[in-house]
Amino acid sequence: MTQTEREFDVIILGATGFTGRLVAEHLLSTYGVDGPLRWAIAGRSEEKLTAIRDQLGKKARKLAILVADSHDPQSLRELAVRTKVIATTVGPYALHGSDLVAACARNGTHYCDLAGEVPWMRRMIDAHHATAKRSGALIVHCCGFDSIPSDLGVWFMQKEAQARFGQPLQRVHYYLKAASGGLSGGTAASMMEVAGEAQRDRRVLKLLADPYALNPRASRRGDDRADALGISKDELLDAWVAPFLMAGINTRVVRRTNALLGNAYGDDFRYAEFTAAGSGLVGLAKAAAISGGMGALMVGAALPPTRALLRRFVFPQQGDGPNAEERKRGFFKIELAGIDSEGRILRGTATGKRDPGYGCTSRMLGESAVCLANLATRHPDDPGGFSTPAAAMGDALVERLARNADVSFQITGTEDLALD
């Protein structure tokens with residue numbers, strides 16, 4: 001069955017979970033049920049799905065319900081052939097996502113998720129990329145706060161640099177300036193799963209240390225090195241910076257985008273992410289505190305006894321999350337700075353008006369799914385395969401996020417800087 005003949009445009013798998021329900025709420029409020037977008041919710045329990053539909057209100061009465069199990073390949077195949085796109089919130093993906101990726105790759109069904117599990121994504125690329133290319137399926141991981149602000153932010157900056165300077169930025173830095181809203185339970189569970197894998201298998205630990213871990217095999221070399229673990233005075237920001245918790249995921253996605261775009265950012269492109277701490281002694285002290293906390297977290301996650309304690313007492317549990325008012329009050333602000341070969345600096349921002357872990361993430365995933373369902377977002381001779389948010393969707397997703405998700409990218413200025 002071709003994509004144009006399929007019953008649905010988008011299916012949300014995992015709609016009975018906290019984030020999955022938020023994705024469904026966003027699609028309902030933005031697109032309705034009787035409009036041009038044909039979508040459905042799916043999960044293991046028809047009873048729970050019916051309850052979620054009832055909670056969504058009268059507007060959702062006609063919303064289709066589909067039953068499928070993440071560990072039942074036949075049910076996933078039946079799901080995949082009915083829709084153009086499956087968006088899944090069922091993680092950790094290393095535990096619950098592999099059969100769905102395989103089903104989508106084989107059946108030419110586009111796919112997006114909220115994965116931040118680099119070892120699992122590498123395994124999926126190696127196992128299914130060739131199949132997805134043949135079937136025309138676009139498989140796009142990391143369609144939430146990890147890693148859309150990073151990936152689309154750099155893509156947006158590079159596009160503007162080409163327009164303004166006639167060349168790409170050789171180096172781009174990402175700085176988390178401010179955010180309100182905690183780590184999501186799903187992200188925490190994925191982090192603990194990756195930490196457990198690394199503790200059990202040294203090959204996973206080696207992969208996590210590779211800056212180009214997600215690049216195509218032929219382009220897994222470059223000038224970037226390990227992610228920042230300590231503090232430094234950043235010359236592009238002129239302030240103290242500390243490590244950023246999700247850099248190990250986001251930077252790999254950005255580098256894969258550059259490779260998929262034929263090194264459009266340049267063969268010598270370098271990218272790094274930080275948490276902005278401020279200037280002077282106050283900034284130095286804040287950077288040291290952030291770095292120390294990150295170090296303690298990494299050590300704790302690496303050891304089974306403390307990892308269990310983190311799961312139980314520190315990190316939020318899967319299925320839990322902030323209430324509607326808390327999500328609405330949340331936000332994030334990211335600054336981006338890039339420099340080209342002639343010392344010209346371009347500055348920009350990526351911002352979101354809801355909490356990054358749930359409110360913004362659910363909207364980003366929902367809009368990614370709708371974007372993938374629209375074949376006009378793809379280049380006509382683009383085959384399928386494992387892509388990235390920027391390489392797969394680019395301008396179309398930037399526009400959708402600004403219009404429907406309160407997530408936007410802006411250029412804030414240019415300047416010259418003669419660096420030593």
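Count residues from 1 along the sequence. Every value quoted in this text rests on a predicted model; they were computed, and no experiment measured them.
- Between E197 and P119, the closest heavy-atom pair is OE1-CB, 4.1 Å.
- The heavy-atom pair separating A276 from V241 by the smallest distance is CA-CG1, 4.4 Å.
- Contact of the N258 side chain with the V254 side chain is not registered, since no non-hydrogen atoms from C-beta on lie closer than 4.5 Å.
- The number of heavy-atom neighbours closer than 6.0 Å to CZ of R220, taken from other residues, nucleotides and ligands shown, is above 12.
- With 3.5 Å as the limit, one finds no donor-acceptor pair spanning the side chains of T30 and N404.
- Using a distance-only test at 3.5 Å, with no hydrogens or angles considered, a donor-acceptor pair links the side chain of S135 to the main chain of A137.
- Under the 30°/60° scheme for interplanar angles, the aromatic rings of H173 and Y175 are found to stand perpendicular.
- Among residues at least two apart or in separate chains, side chain to side chain donor-acceptor pair (under 3.5 Å) pairs with a member in residues 52-75 are H71-H96, Q74-E78.
- Between the side chains of T109 and R6, at least one donor N or O sits under 3.5 Å from an acceptor N or O.
- Taking the ring centre of F18 as origin, the terminal cationic atom of R21 falls inside the region bounded by 6.0 Å and 45° from the ring axis.
- Side-chain contact between I148 and C143: present, with at least one pair of heavy atoms (C-beta onward) separated by less than 4.5 Å.
- Side chain of T361 to main chain of F145: a donor-acceptor pair is present (N/O by atom type, distance under 3.5 Å, no hydrogens or angles).
- Distance CD/Q162 to CG/L169: 8.5 Å, rounded to 0.5 Å.
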### Query
Would T19 and L365 count as a side chain to side chain contact (heavy atoms under 4.5 Å, CB included) if you check the C-alpha gap in whole Å, the side-chain angles of each, and the deciding distance to 0.1 Å?
CA-CA 10 Å; T19 303; L365 181 63; 5.7 Å; no

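- Across I86 and A80, no two heavy atoms sit closer than the pair CD1-CA, 3.9 Å.
- Considering every non-hydrogen atom in both T412 and G348, the closest pair reads OG1-N, 3.6 Å.
- Side-chain N or O atoms of S232 include none that pairs as donor or acceptor with a backbone N or O of D234 at under 3.5 Å.
- Atom-to-atom distance recorded for I65:CD1 and I52:CD1 is 9.5 Å, nearest 0.5 angstrom.
- Closest approach of A60 and V33 over heavy atoms only: CA-CG2, 4.2 Å.
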### Query
How far apart are the C-alpha atoms of D355 and R327, what are their side-chain angles, what is the distance that settles it, and do they pass the salt bridge (Lys or Arg N to Asp or Glu O under 4.0 Å) test?
CA-CA 5 Å; D355 75 295; R327 294 195 302 270; 5.1 Å; no

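- A donor-acceptor pair is defined here as one N or O able to donate and one able to accept, closer than 3.5 Å; such a pair exists between the side chain of D113 and the backbone of C142.
- H129 contributes a side-chain N or O that, together with a main-chain N or O of F386, makes up a donor-acceptor pair within less than 3.5 Å.
- Annotation: K206, atom NZ; neighbour count of heavy atoms from other residues, nucleotides and ligands within 6.0 Å does not exceed 12.
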### Task
Take V101 and W120, measure what side chain to side chain contact (heavy atoms under 4.5 Å, CB included) needs, and give me the verdict at the end.
CA-CA 11 Å; V101 171; W120 175 74; 3.8 Å; yes

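- R400 places a side-chain heavy atom less than 4.5 Å from the side chain of N374.
- Looking only at distances, no side-chain donor or acceptor of S291 sits under 3.5 Å from a matching main-chain atom of P243.
- Y271 and N250 form no side-chain donor-acceptor contact under 3.5 Å, judged by distance and modelled atom types alone.
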### Task
Please lay out, stage by stage, how R171 and L236 fare under the test side chain to side chain contact (heavy atoms under 4.5 Å, CB included).
CA-CA 10 Å; R171 184 157 48 106; L236 292 180; 4.3 Å; yes

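- Separation of atoms OG1 (T83) and CG (D9) is listed at 6.5 Å; rounding is to 0.5 Å.
- A salt bridge links R347 and E415; the closest N-O separation between the charged side-chain nitrogens and carboxylate oxygens is under 4.0 Å.
- Separation of atoms CG (D210) and CG (N215) is listed at 8.0 Å; rounding is to 0.5 Å.
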### Residue pair L214, R255: steps toward the side chain to side chain contact (heavy atoms under 4.5 Å, CB included) verdict
CA-CA 8 Å; L214 293 180; R255 293 174 194 133; over 6 Å; no

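- Put simply, the side chain of Y265 reaches to within 4.5 Å of the side chain of T257, judged on heavy atoms.
- Using a 4.5 Å heavy-atom threshold, the side chains of L401 and L152 count as touching.
- Between T388 and V140, the shortest heavy-atom distance links the atoms C-CG1, 3.5 Å.
- Listed by chain and number, the residues in a salt bridge (Lys or Arg N to Asp or Glu O under 4.0 Å) with D227 are R252 (sequence neighbours excluded).
- Rounding to the nearest 0.5 Å places OG of S150 at 9.5 Å from CE of M246.
- With hydrogens and angles disregarded, no donor-acceptor distance shorter than 3.5 Å links the side chain of E193 to the backbone of P92.
- Considering only heavy atoms from C-beta on, H141 comes within 4.5 Å of M124 through its side chain.
- Judged by distance alone, the side chain of E25 and the main-chain N or O of L56 form no donor-acceptor pair under 3.5 Å.
- Looking at D151, its side chain does come within 3.5 Å of a backbone N or O of A390 through a donor-acceptor pair.
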### Query
Between R122 and D126, is a salt bridge (Lys or Arg N to Asp or Glu O under 4.0 Å) present by the stated rule, with each step listed?
CA-CA 6 Å; R122 182 72 256 175; D126 293 342; 2.9 Å; yes

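- Residues D238 and K233 are in side-chain contact: their nearest non-hydrogen atoms beyond the backbone lie under 4.5 Å apart.
- Between Y174 and F244, the ring planes lie tilted relative to each other; the angle falls in the 30° to 60° range.
- Checked by atom type and distance alone, the side chain of E326 pairs as donor or acceptor with a backbone atom of N323 at under 3.5 Å.
- With Y111 as the partner, the side-chain contact (heavy atoms from CB on, under 4.5 Å) test is satisfied by one option alone out of T88, L138, L372: T88.
- Atom-to-atom distance recorded for T89:OG1 and L114:CG is 7.0 Å, nearest 0.5 angstrom.
- Under the 4.5 Å side-chain criterion, counting only non-hydrogen atoms from C-beta, D224 is in contact with Y212.
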